[in-house]
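The shown structure was predicted, so the numbers you read here are calculated from the model rather than taken from an experiment. Throughout, a chain's letter reflects where its sequence line sits, starting with A, and its residues are numbered from 1.
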Number of protein chains: 2
Amino acid sequence: MINFKELLKEHGIPPSLQRIKILEYLHNFKTHPTADMVYQALMDEIPTLSKTTVYNTLKTFTEKGILVALSIFENEVRYEYNTEPHIHFKCFKCGRIYDISKTFECLKNEEIEGHKVLEHHINLKGICKNCLVKAGA
Amino acid sequence: MINFKELLKEHGIPPSLQRIKILEYLHNFKTHPTADMVYQALMDEIPTLSKTTVYNTLKTFTEKGILVALSIFENEVRYEYNTEPHIHFKCFKCGRIYDISKTFECLKNEEIEGHKVLEHHINLKGICKNCLVKAGA
DNA sequence: TTACTAATTTGTAACGGTTACAAATTAATA
DNA sequence: TATTAATTTGTAACCGTTACAAATTAGTAA
């Protein structure tokens, strides 16, 4: 059981209710949500919640390294809890994003053609397991 | 010398002046431009050009496989001429996008954890060669 | 507690990339 | 040349996001 209040403090972020709840959500639901999805999900629990707070908080968390921002979709940013390095698979049909645990040793080097690599994002796209079954039936 | 008129016909796209010029630009300048950049660049040559035409044309080309749409930046889509598979490096400082010719054999397989992979995008981020030199000086 | 200050949250308006849509223009055909 | 279809254009709207100021909350000192 993670103490999110402590986790925020460790990252130099004063733990308000909104911040704790947003962090908790990102940690518990691995759905790579957009800012709006987080907002919708927490509206019931925090009726006064503002969308701006969600955007600001997600931005802060990302800057502090607690979350990672993904650019898998063309138009909207998605967030996930920063854990082990992994790659993403997006289904063209259902739109779901899957985490692929496989890592690539060949990307471990931190220098390529003279450039210093700080991040790498691998995004696969295609038809997911579920949609393949549906199409085959 | 590529005959862009013929190339369009081969992809089932009637070759209008606008379409030819846009394709020509994407082929000649490997700058991974946004729709707006293409628009700005062609405004002199085609004074009546509309931004909507650029957007529509880029979309059509992408659907037909002539171009590839990149989601390296968070907010805007960038396009490039569809050639050999390669990966992209985006510099945090100058924002430029570099093509890295290195390919990864480990991503050649078309099936991963049950999902059918149709596309893969590898985006590296960090400090580019040029900016490293500037920072070191 | 109370008064005061700083931090946080909120709501509205605005911004920027993109798209919808109808009118205007151009090309194609008879 | 007249008619029809395709393409382009311009405007307005959409949507994700951000700027900003007001309102609220939390923290501190008397």
Side-chain angles (χ1 to χ4, degrees), chain A residues 4-5 8-9 11-25 31-64 66-67 69-80 95 97, chain B residues 4-5 8-9 11-26 31-64 66-80 95 97:
Chain A
F4 295 107
K5 196 181 268 187
L8 286 171
K9 280 183 190 169
H11 284 85
I13 304 169
S16 69
L17 172 70
Q18 287 85 341
R19 286 170 182 160
I20 293 170
K21 287 298 174 186
I22 291 172
L23 180 55
E24 205 176 296
Y25 184 84
T31 53
H32 316 85
T34 63
D36 190 64
M37 289 172 186
V38 176
Y39 172 70
Q40 297 294 339
L42 295 179
M43 263 176 61
D44 287 341
E45 210 172 348
I46 312 171
T48 62
L49 185 64
S50 161
K51 219 176 242 187
T52 304
T53 302
V54 177
Y55 275 102
N56 289 340
T57 305
L58 292 174
K59 193 178 183 184
T60 306
F61 288 179
T62 302
E63 284 166 1
K64 298 287 183 180
I66 304 179
L67 299 182
L70 309 177
S71 299
I72 305 181
F73 280 99
E74 287 63 31
N75 52 340
E76 54 190 9
V77 179
R78 284 162 176 270
Y79 295 88
E80 70 174 3
I97 299 175
Chain B
F4 295 107
K5 197 181 269 190
L8 286 171
K9 281 183 191 169
H11 284 86
I13 303 169
S16 68
L17 172 70
Q18 287 86 340
R19 287 171 183 160
I20 293 169
K21 287 297 174 188
I22 291 173
L23 180 55
E24 204 175 296
Y25 184 84
L26 262 293
T31 53
H32 314 87
T34 63
D36 191 63
M37 288 172 184
V38 176
Y39 172 72
Q40 298 294 339
L42 296 179
M43 262 175 61
D44 288 341
E45 210 172 347
I46 313 171
T48 62
L49 185 64
S50 162
K51 218 176 243 187
T52 303
T53 302
V54 177
Y55 275 103
N56 289 340
T57 305
L58 291 174
K59 194 178 182 186
T60 305
F61 288 1
T62 303
E63 284 168 358
K64 299 285 184 180
I66 303 179
L67 300 181
V68 176
L70 309 177
S71 299
I72 304 181
F73 281 98
E74 286 63 32
N75 52 340
E76 52 189 10
V77 179
R78 284 163 176 269
Y79 294 88
E80 71 174 1
I97 299 176

Flag side-chain contact, heavy atom, 4.5 Å: F4(A) against K21(A): no
Protein-nucleotide distance (K51(B), atom NZ; dA13(D), atom C1'), rounded to Å: 15 Å
Between dG27(D) (C1') and L17(A) (CG): distance, integer Å: 17 Å
Below 4.0 Å: OP1/OP2 of dT10(C) and any side-chain N or O of T48(A): yes
Below 4.0 Å: OP1/OP2 of dT17(D) and any side-chain N or O of Y55(A): yes
Proximity to the side chain of S16(A) - top-ranked nucleotide from dT9(C), dT8(C), dT18(C): dT9(C)
Euclidean distance, atom CE of residue M43(A) to atom C1' of dT10(C) [Å, nearest integer]: 14 Å
Phosphate-side-chain proximity, Q18(B) and dT26(C), N/O vs OP1/OP2 below 4.0 Å: no
Along DNA chain C (nearest heavy atom to each residue), the more 5'-positioned of N56(B) and A35(B): A35(B)
Nearest-angstrom distance from the residue atom CD1 of I20(B) to C1' of dT8(D): 15 Å
Separation of dT18(C) P from E76(B) CD (nearest whole Å): 6 Å
Phosphate-side-chain proximity, T53(B) and dT9(D), N/O vs OP1/OP2 below 4.0 Å: yes
N or O in side chain of T52(A) less than 4.0 angstrom from dG11(C) OP1/OP2: no
T31(A) side chain reached by M37(A) side chain, heavy atoms, under 4.5 Å: no
Validation row: V77(A), L58(A) side chains within 4.5 angstrom (heavy atoms): no
Rounded distance in Å - OH (Y79(B)) to C1' (dT18(C)): 9 Å
Residue that, paired with I22(A), satisfies side chain to side chain contact (heavy atoms under 4.5 Å, CB included) out of L67(A), L17(A), T57(A), T60(A): T57(A)
Spacing of R19(B) atom CZ relative to dT7(D) atom C1', expressed in whole Å: 6 Å
Residue pair T53(A) / Y39(A), side-chain heavy-atom distance below 4.5 Å: no
Interatomic distance, I46(B) CD1 vs dG10(D) P [rounded to whole Å]: 12 Å
